[in-house]
Amino acid sequence: MTSIESHKKAKALKPGSVRPAKELCSECGLCDTYYIHYVKEACAFITQRIDELETTTHNRPRNLEDENELYFGVHQEMMSARKQQPIEGAQWTGIVSSIAIEMLNRGLVEGVVCVQNTKEDRFQPMPIIARTTEEILAAKVNKPTLSPNLSVLEQIEKSGMKRLLVIGVGCQIQALRAVEKKLGLEKLYVLGTPCVDNVTRAGLQKFLETTSRSPQTVVSYEFMQDFRVHFKHEDGSEETVPFFGLKTNVLKDIFAPSCMSCFDYVNSLADIVVGYMGAPYKWQWIVVRNDTGKEMLELVKDQLDTQPVMSQGDRKPAVQQSIPAYDKAVTLPMWAAKLMGVVIDKIGPKGLEYARFSIDSHFARNYLYVKRNHGEKLAAHVPEFAKRIVGQYKLPE
Ligand code: FAD
Ligand code: SF4
Ligand code: SF4
């Protein structure tokens, strides 16, 4: 038996059973397949391998002396972009879905791993291998919950597919890169999104119920660059809630332990990443990591308006203040939160500086979480780039 086949003897875990990473499991889906055989070296929460896999994937390590690479990972190019004709109902303007559609229709790939929702629940993720434009479009918009995207990996090998696009978030992509050579593919393309503060389906319900005026009609939401959460409702209306007014004391425990321990916010191992946080308000942010990513972007360039990335403001005082405030679960009264939101929006960090603000404050919080809850893992689990980023701040014990 070749090494490619030895994993086929392994047995997927049953739904609901304890996963090898225990409470840190982000439900990436790998353990729902026989690729669980490789879990020790593939799981982002058992063996953190970002630095090493970056070099194999992009043919060079991240340059830690370059501030943009330190923060945003290996890249050739970054830009702000938006679709000239946005896809209705997409999370932002639909650049992710558009790249996937072009790749499928031009025959670069035979299938696209993406995540639709179940019929009963718009936020319950249902990973699929899409083979038509309609199936890709049915996966548009974030399912803001842990999603087992890799649970379809066995189907790929069985289908005989040779060229594949996978859309996913950092923890899913680390596990995917670790088993990439075992999938029997000729070419794998990886389209990533940044990801932070993810929750279980139950955690999401609690967030919606404590934060939105009408939890049952929310169709999507985003933590935006204007320091507000924007909820879109079924009737098309928009509701905004300032970050500083969030009920931190209630929300502190809703983020999944995996996401409180995650340092791959910017999806370091994807070929191209499409988010928003490094771009001006209402624009998307594109990070092209390697030649494969460049090839993917070229397919949709004529559908996009683009502009260079910008950076403005000084995040560091705001980050330093946010660390003890989060730790003590401080919640401002709504009037003060609104005022603070307006002031920060006027003078606060913008563009890449906003992205650095978000990375700094999440990494500091997560570093403290790992130190306090999984101290024995701290040294190996936190990548070198994250240690340098956190090292710029004074942390409480
Ligand atoms: P669309 O065309 O609407 O396509 C969305 C794609 O996302 C679909 O293909 C779908 O398969 C995939 N998807 C949906 N839910 C999941 C999931 N749970 N796991 C894996 N794949 C999924 N960007 C930032 O810049 N900063 C952030 O802090 C940030 N946080 C995020 C948190 C989560 C949980 C997710 C899923 C995304 C986050 N993003 C963040 C990315 C951003 O919200 C948009 O997804 C991205 O800009 C693409 O928008 P779009 O309109 O091009 O996507
Ligand atoms: Fe398995 Fe993925 Fe959970 Fe790790 S995160 S234990 S690889 S399902
Ligand atoms: Fe995975 Fe990290 Fe996103 Fe959590 S925050 S779902 S661990 S990429």
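From a predicted model like this one, the values you see are computed outputs, not experimental measurements. Note that ligands are numbered from 1 as they come in the structure, with each ligand's atoms numbered from 1 the same way. Numbering of residues begins at 1 and proceeds along the displayed sequence.
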In terms of residue, atom name and distance, what is the protein heavy atom nearest to atom 7 (S) of ligand 3?
Phe45 CZ, 3.5 Å
Has Glu222 got a side-chain atom pairing as donor or acceptor with His230's backbone, closer than 3.5 angstrom?
no
With atoms numbered from 1 as shown, which atoms in ligand 2 lie under 4.0 angstrom from a non-hydrogen atom of Ser26?
5 (S)
Starting from atom 4 (Fe) of ligand 3, which protein heavy atom do you reach first, and at what distance in Å?
Cys259 SG, 2.3 Å
Parallel, tilted or perpendicular: ring planes of Tyr265 versus Phe363, cut at 30 and 60 degrees
tilted
Does any N, O or S atom in Cys43 come within less than 2.8 Å of atom 2 (Fe) of ligand 2?
no
Short N or O distance, Trp285 and ligand 1, threshold 3.5 Å exclusive:
no
Any N, O or S atom of Cys25 closer than 2.8 Å to atom 1 (Fe) of ligand 2:
no
Ligand 3 atoms in contact with Leu146 (distance to a heavy atom under 4.0 Å):
6 (S)
Any idea which atoms of ligand 1 are less than 4.0 Å away from a heavy-atom of Glu222?
42 (C), 43 (O)
Distance to 0.1 Å, residue and atom name: give those for the protein heavy atom nearest to atom 3 (Fe) of ligand 3.
Cys195 SG, 2.3 Å
Is the distance from atom 2 (Fe) of ligand 3 to some N, O or S atom of Cys262 under 2.8 Å?
yes
Could you list which atoms of ligand 1 come closer than 4.0 Å to a heavy atom of Ser97?
1 (P), 2 (O), 4 (O)
Val274 heavy atoms within 4.0 Å reach ligand 1 at atoms 46 (C), 47 (O), 48 (C)
Output yes when the distance from some N or O of ligand 1 to some N or O of Val169 is under 3.5 Å, and no in every other case.
no
Would you mind telling me if ligand 1 is within reach of the side chain of Gln116, the backbone, both or neither, using heavy atoms under 4.0 Å?
neither
Identify, by atom number and element, the atoms of ligand 1 in contact range of Val196, meaning under 4.0 Å from any of its heavy atoms.
28 (O), 30 (N), 32 (C)
Under a heavy-atom criterion of less than 4.0 Å, does Val141 contact ligand 1?
yes
Quick note on ligand 1: atoms under 4.0 Å from a heavy atom of Ile167 include exactly 9 (O)
Quick one: does Pro144 get an N or O within less than 3.5 Å of an N or O on ligand 1?
no
Taking only non-hydrogen atoms of Ser147 and a 4.0 Å limit, the atoms of ligand 1 in range are 17 (C), 18 (N), 19 (N)
Atom pair CD (Gln216) and CD (Gln205), whose distance is rounded to the nearest 0.5 Å
9.0 Å
Is the closest heavy-atom distance from Ala42 to ligand 2 below 4.0 Å?
no
Asn198 contact mode with ligand 1 (heavy-atom cut-off under 4.0 Å)
side chain
Within a distance under 4.0 Å of any heavy atom of Gly275, pick out the atoms of ligand 1 and give their elements.
23 (N), 25 (O), 47 (O)
Does any N or O of ligand 1 fall below 3.5 Å from an N or O anywhere on Thr193, backbone included?
no
When the ring planes of Tyr221 and Phe223 are compared, do they come out parallel, tilted or perpendicular, using 30° and 60° as the limits?
perpendicular
Identity and distance of the protein heavy atom lying nearest atom 6 (S) of ligand 3:
Asn198 ND2, 3.5 Å
Out of Arg82, Gln91, Gln172, who is nearest to atom 19 (N) of ligand 1 when you count heavy atoms only?
Gln172
Is Val115 touching ligand 1 with its side chain, its backbone, both, or neither, if touching means heavy atoms under 4.0 Å apart?
both
Short N or O distance, Val96 and ligand 1, threshold 3.5 Å exclusive
yes
Tell me whether ligand 1 is touched by Phe223 - counting only heavy atoms on the residue side and a distance under 4.0 Å.
no
Atoms of ligand 2 less than 4.0 Å from Ala21 heavy atoms?
6 (S)
Supply the atom-to-atom distance Trp283 CH2 to Ile95 CD1, rounded to the nearest 0.5 angstrom.
9.5 Å
Mode of Asp32 contact toward ligand 2 - side chain, backbone, both, neither (heavy atoms, under 4.0 Å)
neither
If the contact criterion is a heavy-atom separation under 4.0 Å, does Asp264 count as touching ligand 3?
no
Report yes if Gly94 has an N/O atom closer than 3.5 Å to an N/O atom of ligand 1; otherwise report no.
yes
Under 4.0 Å, heavy-atom basis, I'd like to know which part of Ile136 is in contact with ligand 1: side chain, backbone, both or neither.
neither
Does an N or O anywhere in Pro194 fall below 3.5 Å from an N or O of ligand 1?
yes
Numbered atoms of ligand 1 (with element) below 4.0 Å of Cys195, judged on heavy atoms
30 (N), 31 (C), 32 (C), 33 (C), 34 (C)
May I ask you to identify the nearest protein heavy atom to atom 1 (Fe) of ligand 3, giving residue, atom name and distance to one decimal place in Å?
Cys171 SG, 2.4 Å
When the ring centroid of Trp285 is compared with that of Phe72, is the distance short of 6.0 Å?
yes
